[in-house]
Amino acid sequence: MSRTALATIHLGALRRNLARVRDRARAAKVMAVVKADGYGHGLERVARACADADALGVAALGDGLRLRSAGNRQRIVVLSGPDEPGDLAEFRRLQLDAVIHHESQLAWLAADRDTRPLRVWLKIDTGMHRLGFDAQNIVEIYTKLHALPNIDSDIVLMTHFAASDEFDNGLTAAQIARFNEATVELAGARALANSAGLLGWPTSFDAGAAHANTWVRVGGLLYGLSVVEGKSGADLGFEPAMTLSTRLISVKQVKKGERIGYAATWECPEDMAIGVAAIGYGDGYPRSAQPGTPALVNGTPAAIVGRVSMDLVTIDLRNVPAAQVGDRVILWGRELPVETIAAHAGTISYDLTCGMTRRVLFVEDDR
Ligand SMILES: *Cc1c(COP(=O)(O)O)cnc(C)c1O
């Protein structure tokens, strides 16, 4: 038990981050995006902490099923919609909203004789070129969709930003303009902004009287994850919702010139103590973390040395002379931003929190 890698999820942080999002979103409604198992924090638990959200956003039908099975009664939007015609009956039975982004889905809907109403979000491609209908054809598609008898007439119009995290990137302004132009004649709520849109592009959700009915779809900030290069979630005024920790299971003196770990890549510059912590890429700690990646041993900064292995990492303990077996090691969390680890591992914070494996023990605290 004591040697297990532990992901502590701070429910209070999730709740406060949601309140911060709502505050910044002004009059817009808030969709809490909980895809990828709540960015690795646990789908059902994040949904419970986000009971105040106006909707939850999931990637796939299966997540909607999990939430309904857990008794969740919030509005749930499946961000990629039905994957096959047979999914439609499940959407209706579970009362899930479907994002419609492709002609094939439109054809399934047109052929569907089920009379239970379905709520849909119409996804428009304004320049990211991933999911969505071409902005040029959107009036025609909206009209077709709206005419179907078993579709709720309140269709939400949505698009997704490709580069909203770069606050001086003209692509986002162009996407907003393209969206507004394509939808000017269409009724219904608007949903454009993600986390970075919420921070940097207020015109995408606070368009004044023109469209009072808007949404923001927020993932990263909810978990206290940064969406801006070079900043941590805390720099942006949000609290990390995950602390990843484990314990030292070995402390040894190693001689100057000896090498540490697989492929003997790291050489001790002097006689020194090396600690071994019970966590590795088998838990989701990134194998790509370079020597020098920080970890906290009993709260004191220390550096990972040598290669990360499946179950273990080796740590330079020169900063922590009193360290001993059983001491707590924090890999990331409130005291050590996950963004710092991501930078040392050549990736982004989302990738790290989403990567926790089933071996990690999840615990909740209310802080
Ligand atoms: C993931 C996702 C979001 C949330 O993005 P963040 O940058 O994490 O806020 C919003 N909308 C869609 C369609 C998404 O796929």
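Order of appearance sets the numbers: ligands from 1, and atoms from 1 within every ligand. Positions are given from 1, in the same order as the sequence printed here. Since the model is a prediction, treat every value here as computed from it, not as a measurement.
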Using distance alone, determine whether Gly220 and ligand 1 share an N or O pair under 3.5 Å. yes
I'd like to know if the side chain of Thr265 pairs up with that of Arg307 as donor and acceptor (distance under 3.5 Å, no hydrogens or angles considered). no
Could you check atom 7 (O) of ligand 1 against the protein and tell me its nearest heavy-atom contact, residue, atom and distance included? Tyr350 OH, 3.2 Å
If we only count heavy atoms from C-beta on, is the Leu67 to Leu96 side-chain gap below 4.5 Å? no
I need the nearest protein heavy-atom contact for atom 5 (O) of ligand 1: residue, atom name and distance, please. Tyr39 OH, 3.6 Å
Closer than 3.5 angstrom, by distance alone: can the side chain of Arg119 be matched with the main-chain N or O of Arg75 as a donor-acceptor pair? no
Could you check atom 12 (C) of ligand 1 against the protein and tell me its nearest heavy-atom contact, residue, atom and distance included? His160 CE1, 3.4 Å
Does any N/O atom on Lys123 come nearer than 3.5 Å to any N/O atom on ligand 1? no
With nothing but distance in play, are any N or O atoms of Gly219 less than 3.5 Å from an N or O of ligand 1? yes
Would you say the side chain of Thr246 lies within less than 4.5 Å of the side chain of Asp283, judging by non-hydrogen atoms? no
Side chains of Tyr223 and Phe238: does their closest heavy-atom pair fall under 4.5 Å? no
Is there a side-chain contact between Tyr39 and Val33 (heavy atoms, below 4.5 Å)? yes
Who passes ring-ring contact (aromatic ring centres under 6.0 Å, His included) against Trp121, sequence neighbours left out? Trp215
Return the residue, atom name and 0.1 Å-rounded distance of the protein heavy atom closest to atom 9 (O) of ligand 1. Ser195 OG, 2.6 Å
Nearest protein heavy atom to atom 11 (N) of ligand 1, by residue and atom, and its distance? Arg217 NE, 2.8 Å
If you have a sec, work out which protein heavy atom is nearest atom 15 (O) of ligand 1 and how many Å separate them, to one decimal? Lys35 NZ, 2.6 Å
